[in-house]
Amino acid sequence: QVQLLESGGGSVQTGGSLKLSCATSQYTYTRNCMAWVRQAPGKERQAVALIYIGGGQTDYDDSVKGRFTISQDDAKNTVYLQMNSLKPEDTAIYYCAAVRTGPYCVLSQAAHYDYWGQGTQVTVSS
């Protein structure tokens with residue numbers, strides 16, 4: 001069964017931290033890769049982090065590099081996004097996504113990601 005369940009969103013002040021979780025079914029988790037994608041009001045969808053399931057390779061958008069860390073727990077079929085040094089511009093709805101086609105496991109191909117969670121709101125205030 002394809003299922004993505006997100007948690008961990010909330011409101012923090014500038015410089016604070018949050019950790020997002022995406023729990024999935026085994027079927028979803030064992031696809032090629034998983035990603036975190038955010039969308040702020042009036043902004044385009046932006047994939048910020050990606051991890052290759054089974055391989056462990058990761059990729060980050062420049063806007064979050066050095067501040068966000070994507071990780072995985074194979075035993076729990078779960079992917080995490082640790083967000084540190086949060087800025088107001090990080091405010092967005094964050095979606096967990098799974099990708100089943102290898103060539104689309106890149107940050108620029110979010111339009112072709114296959115499975116999506118409902119999203120969790122992250123709000124960063126100054």
Side-chain angles (χ1 to χ4, degrees):
Q1 180 179 351
V2 176
Q3 188 175 36
L4 296 86
L5 301 176
E6 298 167 304
S7 62
S11 299
V12 298
Q13 294 186 342
T14 297
S17 297
L18 286 172
K19 187 174 184 178
L20 307 183
S21 298
C22 177
T24 73
S25 66
Q26 182 180 5
Y27 176 84
T28 303
Y29 188 79
T30 56
R31 299 305 89 191
N32 283 279
C33 63
M34 297 189 69
W36 287 98
V37 183
R38 69 185 181 187
Q39 187 162 26
K43 300 291 185 65
E44 292 292 324
R45 178 176 50 196
Q46 178 187 42
V48 297
L50 183 149
I51 186 166
Y52 291 84
I53 305 304
Q57 181 181 352
T58 60
D59 196 14
Y60 298 93
D61 184 80
D62 287 343
S63 65
V64 307
K65 192 174 298 181
R67 300 187 298 118
F68 291 10
T69 302
I70 187 170
S71 61
Q72 61 188 327
D73 186 334
D74 291 342
K76 297 181 179 179
N77 297 327
T78 300
V79 175
Y80 305 94
L81 185 68
Q82 177 66 52
M83 305 184 294
N84 298 326
S85 301
L86 284 163
K87 306 174 181 179
E89 50 262 47
D90 295 319
T91 295
I93 299 176
Y94 284 73
Y95 299 91
C96 179
V99 190
R100 64 186 182 188
T101 304
Y104 292 138
C105 284
V106 294
L107 295 175
S108 63
Q109 296 297 320
H112 297 286
Y113 295 173
D114 296 287
Y115 310 115
W116 297 80
Q118 294 297 309
T120 185
Q121 177 70 48
V122 171
T123 301
V124 185
S125 60
S126 60

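Quantities reported herein were computed from a predicted structural model and do not represent experimental measurements.
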Quick one: pull up [atom1] in [X] and [atom2] in [Y] and give me the separation to the nearest 0.5 Å.
| X | Y | atom1 | atom2 | value |
| --- | --- | --- | --- | --- |
| Ile93 | Thr123 | CD1 | OG1 | 9.0 Å |
| Cys22 | Trp116 | SG | CH2 | 11.5 Å |
| Glu6 | Thr120 | CD | OG1 | 6.5 Å |
| Gln82 | Ile70 | CD | CD1 | 12.0 Å |
| Thr14 | Leu86 | OG1 | CG | 8.5 Å |
| Asp59 | Leu107 | CG | CG | 4.0 Å |

Closest contact, heavy atoms only, Asn77 versus Ser25
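The answer is ND2-C, 4.1 Å.
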For Cys105 and Asn32, which heavy atoms make the closest approach, and how far apart are they?
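Scanning both residues, the minimum pair turns out to be SG-CB, 3.6 Å.
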Return the orientation label for the Tyr104 and His112 ring planes: parallel under 30°, perpendicular over 60°, tilted otherwise.
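Parallel: the ring planes of Tyr104 and His112 meet at under 30°.
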Donor-acceptor pair, distance only, cut-off 3.5 Å: does the side chain of Asp114 make one with the backbone of Val99?
no
Thr24 side chain to Leu4 backbone, donor-acceptor under 3.5 Å:
no
Evaluate whether atom CD of Gln13 has more than 12 neighbouring non-hydrogen atoms of other residues, nucleotides or ligands under 6.0 angstrom away.
no
Indicate yes or no: at least one non-hydrogen side-chain atom of Val79 is less than 4.5 angstrom from one of Ile53.
yes
Under 4.0 Å between a Lys/Arg side-chain N and an Asp/Glu carboxylate O for Lys87 and Asp90?
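The answer is no: the pair does not qualify as a salt bridge.
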Verdict with supporting geometry, Arg45 and Tyr95, side-chain contact (heavy atoms from CB on, under 4.5 Å)
CA-CA 10 Å; Arg45 178 176 50 196; Tyr95 299 91; over 6 Å; no
As a quick check of understanding, evaluate side-chain contact (heavy atoms from CB on, under 4.5 Å) for Val106 and Leu50, giving each step before the final call.
CA-CA 7 Å; Val106 294; Leu50 183 149; 5.5 Å; no
Taking atom types as modelled, is there a side-chain donor on Arg67 or Tyr60 under 3.5 Å from an acceptor on the other?
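Not at all, the side chains of Arg67 and Tyr60 share no donor-acceptor pair under 3.5 Å.
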Hydrophobic cluster membership, with links at side-chain heavy-atom distances under 4.5 Å among I/L/V/M/F/W/Y: are Phe68 and Tyr80 in one?
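No: no chain of side-chain contacts under 4.5 Å links Phe68 to Tyr80.
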From CA spacing to verdict: side-chain hydrogen bond (donor to acceptor under 3.5 Å, both in side chains), Arg38, Gln46:
CA-CA 5 Å; Arg38 69 185 181 187; Gln46 178 187 42; 2.9 Å; yes
